[in-house]
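Because the structure is predicted, anything quoted here is derived from the model rather than measured. Every chain is numbered from 1, with letters handed out A, B, ... down the list of sequences.
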Amino acid sequence: MLAPRLLNKLIVHGERVARIVEVEAYGGREPDPAAHTFRGLTPRTTAMFGPPGHLYVYFSYGVHWCANVVCGDEGEGAAVLLRAAAPVAGIDEMRMDRPTARGEADLLRGPGNLCRALGITKEHYGADLVTADMGIELRDDGTSPPENPVITKRVGITKEAARQWRFYVSNEPSVSRPR
DNA sequence: CCGCCGATCTTT
DNA sequence: AAGATCGGCGGG
């Protein structure tokens with residue numbers, strides 16, 4: 001399971017920088033009924049079945065964009081949902097796009113809010129996070145992933161609800177509910 | 001603090 | 001008809 005290795009990495013879009021503090025794993029070699037790739041290749045899931053290191057973006061509940069990092073080999077259909085991040089830079093710009101956020105810890109709390117604060121939408125579908133071909137990049141500033149991340153059930157799903165594939169940094173105020 | 005509910009689009 | 005969500009509103 002490499003999802004927790006994304007914790008404490010930086011997600012960068014232009015001036016905006018945030019530290020990933022909460023993730024969930026989806027799909028992979030063992031069947032995962034909760035994953036968008038469970039029923040095979042569809043127009044929506046082409047990026048998730050693509051090579052690792054790219055962005056899989058989907059539209060949630062007709063309202064929010066949500067972003068995943070593709071983590072499986074090509075054809076595998078595995079990705080890590082970015083559920084929350086702590087703001088590092090570009091905070092004024094984030095606030096402009098997140099008018100309902102009260103404090104800084106609210107800016108990127110939750111997968112929809114994270115995309116809103118970073119300005120990620122469907123135009124970034126399939127972006128290469130290594131070459132930053134669309135201005136979005138995954139960066140390692142030397143901060144190690146936590147040695148003991150908190151491990152829980154995934155949030156907001158009904159299928160495969162018992163699987164413990166959510167990982168977050170303990171004592172981190174930007175983590176979404178439930179803590 | 002908690003729970004309900006609407007918004008609004010994609011996929012089944 | 002349900003869904004990898006969010007924020008506003010009403011009640012305790």
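Counting any heavy atom pair closer than 4.0 Å across all strands shown, Leu81(A) reaches a base atom.
A distance-only check finds a donor-acceptor pair linking the side chain of Arg98(A) to the backbone of Leu107(A) [under 3.5 Å]. The backbone N or O of Ser174(A) lies less than 3.5 Å from a partner atom in the side chain of Glu172(A), making a donor-acceptor pair. The main-chain N or O of Thr131(A) is found under 3.5 Å from a side-chain atom of Asp128(A) such that the two form a donor-acceptor pair.
Here the straight-line distance linking atom CZ of Arg5(A) with atom CD1 of Ile20(A) works out to 13.0 Å at 0.5 Å rounding. Between the OG1 atom in Thr37(A) and the CZ atom in Arg39(A) there is a gap of 11.5 Å [rounded to 0.5 Å]. Summarising the geometry, atom CD1 belonging to Ile136(A) is positioned 4.5 Å from atom CD1 belonging to Ile120(A); distances are rounded to the nearest 0.5 Å. Arg83(A) CZ to Glu24(A) CD: the interatomic distance, rounded to the nearest 0.5 Å, is 4.5 Å.
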Trace of the side-chain contact (heavy atoms from CB on, under 4.5 Å) decision for Arg44(A) with His36(A): CA-CA 8 Å; Arg44(A) 177 172 68 160; His36(A) 291 165; 3.4 Å; yes

Derivation and outcome, side chain to side chain donor-acceptor pair (under 3.5 Å), residues Thr152(A) and Arg166(A): CA-CA 5 Å; Thr152(A) 75; Arg166(A) 175 179 180 235; 3.2 Å; yes

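With a 3.5 Å ceiling on both atom-pair distances, the Watson-Crick or G-U wobble partner of dG3(C) is dC9(B).
The shortest distance between side-chain heavy atoms of Glu15(A) and Glu93(A) falls below 4.5 Å.
For Arg154(A) and dT5(C), the CZ to C1' distance is 16 Å, given to the nearest whole Å. Distance, Arg39(A) CZ to dT10(B) C1': 14 Å, rounded to whole Å. Nucleotide dC6(C) holds its P atom 16 Å from the CG atom of Asp97(A), rounded to whole Å. Atom NZ in Lys122(A) sits roughly 14 Å away from atom C1' in dT8(B) (whole-Å rounding). Per the geometry, CZ belonging to Phe38(A) stands 16 Å off C1' belonging to dG3(C), to the nearest Å. Rounded to whole angstrom, the span from the CZ atom of Arg44(A) across to the C1' atom of dA4(C) amounts to 9 Å.
For the side chain to side chain contact (heavy atoms under 4.5 Å, CB included) test with Val169(A), the passing option among Asn148(A), Leu7(A), Val150(A) is Leu7(A); the others fail.
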Under 4.0 Å protein heavy-atom contact, by nucleotide of nucleotides 7-12 of chain C - B base, S sugar-phosphate only: SS----

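Remark: Phe59(A), Tyr61(A), Gly62(A), Val63(A) in residues 48-72 of chain A come within less than 4.0 Å of DNA chain B through at least one heavy atom. Using a 4.0 Å cutoff on non-hydrogen atoms, no part of residues 16-37 of chain A comes near DNA chain B.
Which of dG3(C), dT5(C), dT10(B) sits closest to the side chain of Val155(A) comes down to dT5(C).
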